[in-house]
Amino acid sequence: MTVKQLRAFLAVAQSLSFAQACERLHLSQPALSLAIKSLEESLGGPLLVRTTRSVSLTPEGETLLPIARRLLADWDNAEELLRQHFTLQLGKVSIAAMPSFAGNLLPVALKAFRNRHPKVNVAVHDVINEQVLEMVRNRRVELGIAFEPDSLDGLDFTPFYTDRFVAVVPTDCELASRQDVSWTELLRENFITLQRPSAVRLLLEETVAAQHGKLPVAFESHQLGTIGRMVAQGLGVSVVPSLCIQQMQELGARCIALHSPEVARRVGLIRLAEHKLSTAAQALCDVLLHVTDWNTLDLPEAPT
């Protein structure tokens, strides 16, 4: 059965008139008769009884009538649903982002997206950097926001801006009065950092390895918030992305510029390479890349 054949049958069955059905479908009588005949041949028998004065349904036609109504209603609903998705009158897109980015900068872009497409729902997964990459690779989300990975491995990365890392120290320690601190000075204190395989942890270890050897970790945690609280309580010092400055300050720690060496990492949009995005995901991608000017936002900066 084809949709055209079912529409022809339903029009005749409801009006019991070929003439009215032709007018309703904007078809000629030969075309309508051919559609009905083709449907009957494909099913194996007559659906309509046609005389010079009337049209009626055979028992098989009576059986098909409610089925045809249901199938065509489902078809029309499917067409309308997809049309709404393609025109962004309806839809949903999922994005994964680092918690610090999701809580500080992403809402600015989401507001611009909402103003453009108020009927599209956005699901935000605020997960650690490694999980962002994993969720994109596993197609659990179409878009991700994370630090630039060392290996793309099937991913596409488009940078937003460069994040420079800062030192985090207790407010009552000697370093808190400084404008900046070197790694040599910082590593004299108990060091607190994220647990492996955190990208931040690996980056810090690679940074200090040449000059200072193994990172002397006293405390470690899976969450930056926990690290901030540990530092605020005087358990040690840490290094975090500038994106976390506000969070660290709210937890009671102080952030100061870090040098010798400086640590920086690009933050940007992650998606699968060679993968066609849904209409909703492409629209959000356009807002993130072409509408939101990250250089004019109030991005956290390392203290000077």
Side-chain angles (χ1 to χ4, degrees), residues 1-96 110 113-125 135-144 154 156 271-288:
M1 293 184 293
T2 68
V3 172
K4 182 179 179 181
Q5 291 169 350
L6 282 178
R7 289 199 193 282
F9 167 76
L10 187 60
V12 175
Q14 288 178 329
S15 64
L16 296 178
S17 167
F18 270 74
Q20 290 182 32
C22 286
E23 185 176 343
R24 176 179 169 183
L25 297 175
H26 306 289
L27 288 176
S28 66
Q29 286 234 11
L32 180 61
S33 296
L34 179 60
I36 297 294
K37 181 181 178 182
S38 298
L39 178 60
E40 291 176 329
E41 289 177 350
S42 69
L43 294 177
L47 301 169
L48 300 169
V49 178
R50 182 181 184 183
T51 68
T52 55
R53 293 186 178 182
S54 65
V55 177
S56 61
L57 297 175
T58 66
E60 291 76 15
E62 294 282 2
T63 300
L64 178 60
L65 181 57
I67 298 173
R69 285 197 182 103
R70 192 163 59 247
L71 289 173
L72 290 173
D74 288 344
W75 179 271
D76 291 339
N77 288 338
E79 277 192 329
E80 180 59 24
L81 180 64
L82 287 173
R83 188 175 294 109
Q84 289 179 357
H85 275 267
F86 279 122
T87 58
L88 295 173
Q89 298 175 49
L90 191 69
K92 181 177 181 178
V93 58
S94 296
I95 182 170
L110 293 182
F113 179 77
R114 189 69 170 179
N115 290 337
R116 287 184 163 208
H117 311 293
K119 300 290 183 67
V120 179
N121 175 265
V122 181
V124 178
H125 301 265
M135 292 183 76
V136 174
R137 284 196 172 102
N138 294 338
R139 301 196 179 189
R140 291 178 58 193
V141 298
E142 292 189 83
L143 302 172
D156 180 73
R271 51 190 164 173
L272 281 176
E274 308 298 328
H275 174 68
K276 175 69 174 176
L277 295 175
S278 68
T279 305
Q282 184 60 57
L284 179 55
C285 181
D286 291 341
V287 168
L288 290 168

Which residues satisfy the ring-ring contact (aromatic ring centres under 6.0 Å, His included) test with F113, sequence neighbours excluded? H117

Identify the heavy atoms of [X] and [Y] that sit nearest to each other, and give their distance.
X: P46; Y: T58; result: O-OG1, 3.0 Å
X: F18; Y: V55; result: CD1-CG2, 3.7 Å
X: A281; Y: V93; result: CA-CG2, 3.5 Å
X: V141; Y: S94; result: CB-O, 3.6 Å
X: A8; Y: L32; result: CB-CD1, 3.5 Å

Test: salt bridge (Lys or Arg N to Asp or Glu O under 4.0 Å). Region: residues 54-71. Which pairs qualify, not counting sequence neighbours? none

All pairs passing salt bridge (Lys or Arg N to Asp or Glu O under 4.0 Å) where residues 34-43 contributes a residue, at least two apart: none

List the steps and the verdict of side chain to side chain contact (heavy atoms under 4.5 Å, CB included) for L65 and L10. CA-CA 7 Å; L65 181 57; L10 187 60; 3.5 Å; yes

Side chain to side chain donor-acceptor pair (under 3.5 Å) partners for N121, two or more places apart: none

State which residues pass side chain to side chain donor-acceptor pair (under 3.5 Å) with S278; sequence neighbours excluded, sorted by chain then number. E142

Is there a side-chain contact between S38 and L34 (heavy atoms, below 4.5 Å)? yes

Just so I know, are the side chains of L110 and V124 near enough to count as touching, which here means a heavy-atom distance under 4.5 Å? yes

Report the residues that fulfil side-chain contact (heavy atoms from CB on, under 4.5 Å) with [X], sequence neighbours left out, ordered by chain and then residue number.
X: L43; answer: M1, L39, L47, L64
X: S56; answer: V49
X: T51; answer: R53, S54
X: R140; answer: M135, N138

Going by atom type alone, with no hydrogens or angles, which donor-acceptor pairs under 3.5 Å involve a side-chain atom of residues 19-26 and a protein atom two or more places apart or on another chain?
unit_1: R24; atom_1: NH1; unit_2: Q14; atom_2: OE1; d: 2.8
unit_1: R24; atom_1: NH2; unit_2: Q14; atom_2: OE1; d: 3.2

List the residues meeting salt bridge (charged side-chain N to carboxylate O under 4.0 Å, His left out) with D286, not counting sequence neighbours, and say none if there are none. none

Rounded to the nearest 0.5 Å, how far does [atom2] of [Y] lie from [atom1] of [X]?
X: L272; Y: D156; atom1: CG; atom2: CG; value: 9.5 Å
X: L284; Y: T279; atom1: CG; atom2: OG1; value: 12.5 Å
X: R137; Y: R271; atom1: CZ; atom2: CZ; value: 15.5 Å

